[in-house]
Amino acid sequence: MTVLSRERRLSEGEVLLLDKPKGWTSFDVVNKIRRLFRVKKVGHAGTLDPLATGLLLVCTGRKTKEMQEFVGLEKEYEAEMIIGARTASYDAATPVLETRPIEGITAGLVRETLAGFVGTQKQIPPMYSAARVDGRRLYALARKGREVERRPREIVIRSITPTVVDLPVVRFTVVCSKGTYIRALVHDIGERLGCGAYLTALRRTRIGNYRLEDAVTIDDLIAHQDRYREMPS
């Protein structure tokens, strides 16, 4: 039987399901794959913030031409937020700007508020995001202390289900359309509750029919690099 190296197969084109670790950017993952397997054409379909973990689709070779098809797929996340405070980045990447009392906010109110976000709506991208305004990344402007007007984008929240409501901690799962910022969703939930909120953990569990349980970790790739290179065709 002919043995076709994984390097050659990756160069020709594959879709890898990776479990992105916390602290890595999506571009860090792409660079790691490029260096590990000496593949020139590598890209990812759908950015995950450095503090987020979970499913990242990495395309190589000719599969990079199909990345936009993957980007457009429905996403599913597990999220955790703290209510009663807010940050500039809408998550734990920046310090708490202010805290607000949460007396009078009940678990029932939280569940009712979450349910109110299901459906089609307009969402404003966070300043700390990779979205562009006049050709410049928003996060680059935010780091300089600048805030600019952002156009709302249409998104769809298919479902949002609370799993833990232990105030001020709230955990939930959300199924949403492409282009949805979960940080912005959490911020908007906090504003609707009247006490603020920010994202403290995020894990992507599904992209279309691709699932996190089928993904490999970066450590898997490193530990079994030789095995991946010699995988039979």
* Closest heavy-atom contact between Asp19 and Ala215? -> N-CB, 3.9 Å
* Electrostatic pair Glu74-Arg204, nearest N-O below 4.0 angstrom -> no
* Structure fact -> From the list Arg211, Lys75, Glu76, side chain to side chain donor-acceptor pair (under 3.5 Å) with Thr205 holds only for Glu76
* **Modelled atom types, side-chain donor and acceptor of Thr53 and Arg203, under 3.5 Å** => yes
* To do: Could you tell me whether the side chain of Lys20 and the main chain of Ala52 form a donor-acceptor pair under 3.5 Å?
  => yes
* **Within-4.5 Å side-chain heavy-atom neighbours: Thr173 and Ile160** => no
* **ring pair (Phe, Tyr, Trp, His ring centres under 6.0 Å) against Phe117, all qualifying residues, sequence neighbours excluded** => none
* Are Leu199 and Val165 in one and the same hydrophobic cluster, where Ile, Leu, Val, Met, Phe, Trp and Tyr link if side-chain heavy atoms are under 4.5 Å apart? -> yes
* Pairwise side-chain contact, Cys176 with Tyr77, heavy-atom cut-off 4.5 Å (strictly under) -> yes
* **Side chains of Thr217 and Asp219, donor plus acceptor under 3.5 Å** => no
* To do: Kindly say whether Lys41 contributes a backbone atom to a donor-acceptor pair with the side chain of Thr60 at under 3.5 angstrom?
  => no
* Return yes if some donor-acceptor pair links the side-chain N/O of Arg38 with the main-chain N/O of Lys40 below 3.5 Å, else return no. => no
* To do: Answer whether the closest heavy-atom distance between the side chains of Ile222 and Leu36 falls below 4.5 Å.
  => yes
* Asked: Which heavy-atom pair separates Ala79 from Ile182 by the least distance, and what is that distance?
  -> CB-CG2, 4.2 Å
* To do: Indicate yes or no: at least one non-hydrogen side-chain atom of Phe172 is less than 4.5 angstrom from one of Val186.
  => yes
* **For the student: nearest non-hydrogen atoms of Met67 and Gly43, plus distance** => SD-C, 3.4 Å
* Side chains of Ile189 and Leu114: does their closest heavy-atom pair fall under 4.5 Å? -> yes
* Between Cys59 and Val15, what is the shortest heavy-atom contact and its length? -> SG-CG2, 4.4 Å
* Is there side-chain contact between Ile218 and Trp24, with heavy atoms separated by less than 4.5 Å? -> yes
* Asked: Closest approach of Pro126 and Tyr181, non-hydrogen atoms and distance?
  -> CD-CG, 3.6 Å
* **Approximate separation, where rounding is to 0.5 Å, of Lys22 NZ and Leu48 CG** => 13.5 Å
* To do: Could you tell me whether the side chain of Phe70 reaches within less than 4.5 Å of the side chain of Tyr210, counting heavy atoms only?
  => yes
* Asked: Of the non-hydrogen atoms in Val39 and Arg34, which two are nearest, and what is the gap between them?
  -> O-CG, 2.9 Å
* Check: Met81 and Ile83 side chains under 4.5 Å, non-hydrogen atoms -> yes
* To do: Step by step, work out the side chain to side chain contact (heavy atoms under 4.5 Å, CB included) result for Ile157 and Val174.
  => CA-CA 7 Å; Ile157 304 298; Val174 59; 3.9 Å; yes
